[in-house]
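Notes follow once the structure below has been shown.
Positions are given from 1, in the same order as the sequence printed here. In each ligand, atom 1 is the first atom listed, and ligand 1 is the first ligand listed. Below, each value reflects all heavy atoms present in this structure, side chains not excepted, and no hydrogens, waters or symmetry copies.
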Amino acid sequence: MKHITLSSILAIAFLLNGCSHTPDGSDEDSLPAITLSPEKLAEGKAIYMKCAVCHGHNAEGVKAFNSPALANQEIWYLRQQLQNFLNGTRGHHAKDSLGAVMVQQAKMLETADQLETVISYIELLPRVQTEQTIFGDAENGKHYYNKVCSSCHGIDAKGLEVYLSPNLLGIQDYYMAGQIRNFRDGVRGITEGDTTGAKMIEMLAQIPDDKTIDDVITYIHTLQTTKPKYY
Ligand code: HEC
Ligand code: HEC
């Protein structure tokens, strides 16, 4: 409920993109876009510049800091994860040293309004391409992805908000592999009340080993497109 009120304060308008609006001219599905007032845009940029130190100026993610791309992720998931860092759901396990880094950083968002402003700014950034760093067996990965992951993340890995399952396209492969291991090893998703994290843990019983994780991640990378954020 909180963000709905904030959205109205921010005067964020959700518009529907016409099918023909994709720059490459494809007739992909319409998805909502965001508009921000010039003042809010400037404020979002000013806040984001502090995040850019680790996530990159284009929110493309920086391997040296183990930070993921944010530009390709959807706003509802960014919101949820930032709230998770702040409310103790994520990044508090003793072995989650990278999550702990973000817990500290999330605290710079002192009000819910600032949180909403920065994620709105990120959402307006263009899509970025991420490089491949994991080279597994994409065929085996496809088999497991379609069998185990697609029901929640979608056959195209664009995520399904209805299940609160995030987009996986254009998210760094090393980051995703790390998160999957975190879920598997009880480092993420174990906090009481973390029902979405619990879903990830449950299904990982069907992924036999680290090699299979790498194979699945390799397959997901092959699905990455050059299309804009709103496919
Ligand atoms: C000091 C470096 C650093 C800074 C500054 C930083 N982050 Fe992060 N961020 C990280 C790291 C590292 C991760 C990955 C955490 C993990 O592996 O669990 C991360 C993860 C995230 C995630 C989770 C993404 C996902 O796909 O689950 C979000 C959202 C995020 N950061 C947003 C922000 C925002 C917004 C800011 C600025 C207010 C910010 N970060 C500033 C290092 C940083
Ligand atoms: C039962 C539904 C479900 C299935 C099946 C599932 N996931 Fe997820 N996944 C989720 C949900 C929900 C989240 C969000 C967790 C959270 O809120 O912290 C998630 C999160 C993730 C993340 C973290 C992304 C990020 O940026 O933080 C990755 C990576 C991921 N899933 C990959 C996979 C892969 C690969 C598979 C198949 C091996 C899979 N998932 C199967 C529901 C599912």
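Assignment of R90 to the shell around ligand 1 is supported, since a heavy atom sits closer than 4.0 Å. Heavy atoms of Y48 stay at 4.0 angstrom or farther from ligand 1. Taking 4.0 Å as the cut-off, Q104 does not count as a neighbour of ligand 1 on heavy-atom distance.
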Problem set entry | Full working for side chain to side chain donor-acceptor pair (under 3.5 Å) between T89 and N87 | CA-CA 6 Å; T89 303; N87 69 20; 2.5 Å; yes

For this session: Kindly indicate, with the supporting measurements, whether the criterion side chain to side chain donor-acceptor pair (under 3.5 Å) is fulfilled by T218 and D215.
Result: CA-CA 5 Å; T218 303; D215 293 349; 5.3 Å; no

For this session: Given side chain to side chain contact (heavy atoms under 4.5 Å, CB included), test I213 with V216 step by step and report yes or no.
Result: CA-CA 5 Å; I213 294 177; V216 170; 5.9 Å; no

Exercise. Under the side chain to side chain contact (heavy atoms under 4.5 Å, CB included) criterion, do K40 and D113 qualify, and how do the steps go?
Worked result: CA-CA 10 Å; K40 278 290 169 190; D113 184 278; 3.0 Å; yes

Exercise. Would K142 and E139 count as a salt bridge (charged side-chain N to carboxylate O under 4.0 Å, His left out) if you check the C-alpha gap in whole Å, the side-chain angles of each, and the deciding distance to 0.1 Å?
Worked result: CA-CA 5 Å; K142 180 177 183 178; E139 264 312 301; 5.1 Å; no

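Atom CG in L115 sits 11.5 Å away from atom CZ in F85 (nearest 0.5 Å). Taking OH from Y174 and CD1 from I217, the interatomic distance works out to 12.5 Å, rounded to the nearest 0.5 Å. The CZ atom of R90 sits 11.0 Å away from atom OG1 of T191, with the distance rounded to the nearest 0.5 Å.
The proximity of L82 to ligand 1, defined as any non-hydrogen pair under 4.0 Å, is limited to the side chain. Within the 4.0 Å heavy-atom criterion, neither part of Y144 lies near ligand 2. Using a 4.0 Å cut-off between heavy atoms, E202 makes no contact with ligand 2 at all.
Using a 4.0 Å cut-off between charged side-chain N and carboxylate O, E202 and K199 make no salt bridge. A salt bridge links D210 with R181: at least one charged nitrogen is closer than 4.0 Å to a carboxylate oxygen.
Ordered by chain and number, H153 NE2, M200 SD make up the set of protein N, O or S atoms under 2.8 Å of atom 8 (Fe) of ligand 2. For atom 8 (Fe) of ligand 1, the set of protein N/O/S atoms nearer than 2.8 Å consists of H55 NE2, M102 SD, ordered by chain and number.
For ligand 2, the atoms sitting less than 4.0 Å from at least one non-hydrogen atom of I207 are 38 (C), numbered in the order shown with element in parentheses. Close contacts between ligand 2 and Y163 involve ligand atoms 12 (C) [criterion: under 4.0 Å to a heavy atom]. Residue-ligand proximity, K50 to ligand 1, at heavy-atom distances under 4.0 Å covers atoms 5 (C). Within ligand 1, counting atoms from 1 as listed, the ones closer than 4.0 Å to a heavy atom of G99 are 16 (C), 18 (O). Close approach of ligand 2 to Q80 is summarised as follows: ligand atoms under 4.0 Å from at least one heavy atom of the residue are 16 (C), 17 (O). Close approach to V216 involves these atoms of ligand 2, each under 4.0 Å from a residue heavy atom: 35 (C). Atoms of ligand 1 found under 4.0 Å from any heavy atom of F65, numbered from 1 in the order shown, are 12 (C). Each of the atoms 16 (C), 17 (O), 18 (O) of ligand 2 lies under 4.0 Å from some heavy atom of Q81. Shown in contact with L78 at under 4.0 Å from a heavy atom are these atoms of ligand 1, numbered in order with element: 29 (C). With ligand atoms numbered from 1 in the order given, ligand 2 contributes 29 (C) to contacts under 4.0 Å with heavy atoms of M176.
L86 and V118 fall within the same hydrophobic cluster, where Ile, Leu, Val, Met, Phe, Trp and Tyr residues are linked whenever their side-chain heavy atoms come under 4.5 Å apart, directly or through other members. Hydrophobic clustering (side-chain heavy atoms under 4.5 Å, transitive across Ile, Leu, Val, Met, Phe, Trp, Tyr) keeps Y77 apart from I220. Clustering ILVMFWY residues whenever any of their side-chain heavy atoms sit less than 4.5 angstrom apart, transitively, puts L78 in a cluster other than the one holding W76.
The nearest heavy-atom contact from the protein to atom 24 (C) of ligand 2 is Y77 OH, 3.6 Å. Among all non-hydrogen protein atoms, the one lying nearest atom 22 (C) of ligand 1 is F85 CE1, 3.8 Å. The protein atom (non-hydrogen) at minimum distance from atom 18 (O) of ligand 2 is R188 NH2, 2.8 Å. The single protein non-hydrogen atom nearest to atom 17 (O) of ligand 1 is Q179 NE2, 3.0 Å, given as residue, atom name and distance. Looking only at heavy atoms of the protein, atom 25 (C) of ligand 1 is closest to Y175 OH, 3.1 Å. Closest to atom 15 (C) of ligand 1, if we only count protein heavy atoms, is L98 O, 3.7 Å.
Atom NZ of K95 has 12 or fewer neighbouring heavy atoms from other residues, nucleotides or ligands inside a 6.0 Å radius. The 12-atom threshold is not exceeded at OH of Y163, counting heavy atoms of other residues, nucleotides or ligands nearer than 6.0 Å.
Checked options Q224, E60, K63; the residue passing with T130 is Q224 (criterion: side-chain hydrogen bond (donor to acceptor under 3.5 Å, both in side chains)). Here the rule is side-chain contact (heavy atoms from CB on, under 4.5 Å) with L124, and of L36, I75, T35 only L36 fits it.
Across all non-hydrogen atoms, the minimal contact from A69 to G170 is CB-O, 3.6 Å.
H153 contributes no side-chain N or O that, together with a main-chain N or O of L160, makes up a donor-acceptor pair within less than 3.5 Å. When atom types are taken as modelled, the side chain of S67 and the backbone of C54 share a donor-acceptor pair closer than 3.5 angstrom. No donor-acceptor pair under 3.5 Å is formed between the side chain of D185 and the backbone N or O of V187.
Within the set V148, I213, L164, the minimum heavy-atom distance to atom 12 (C) of ligand 2 is found for L164.
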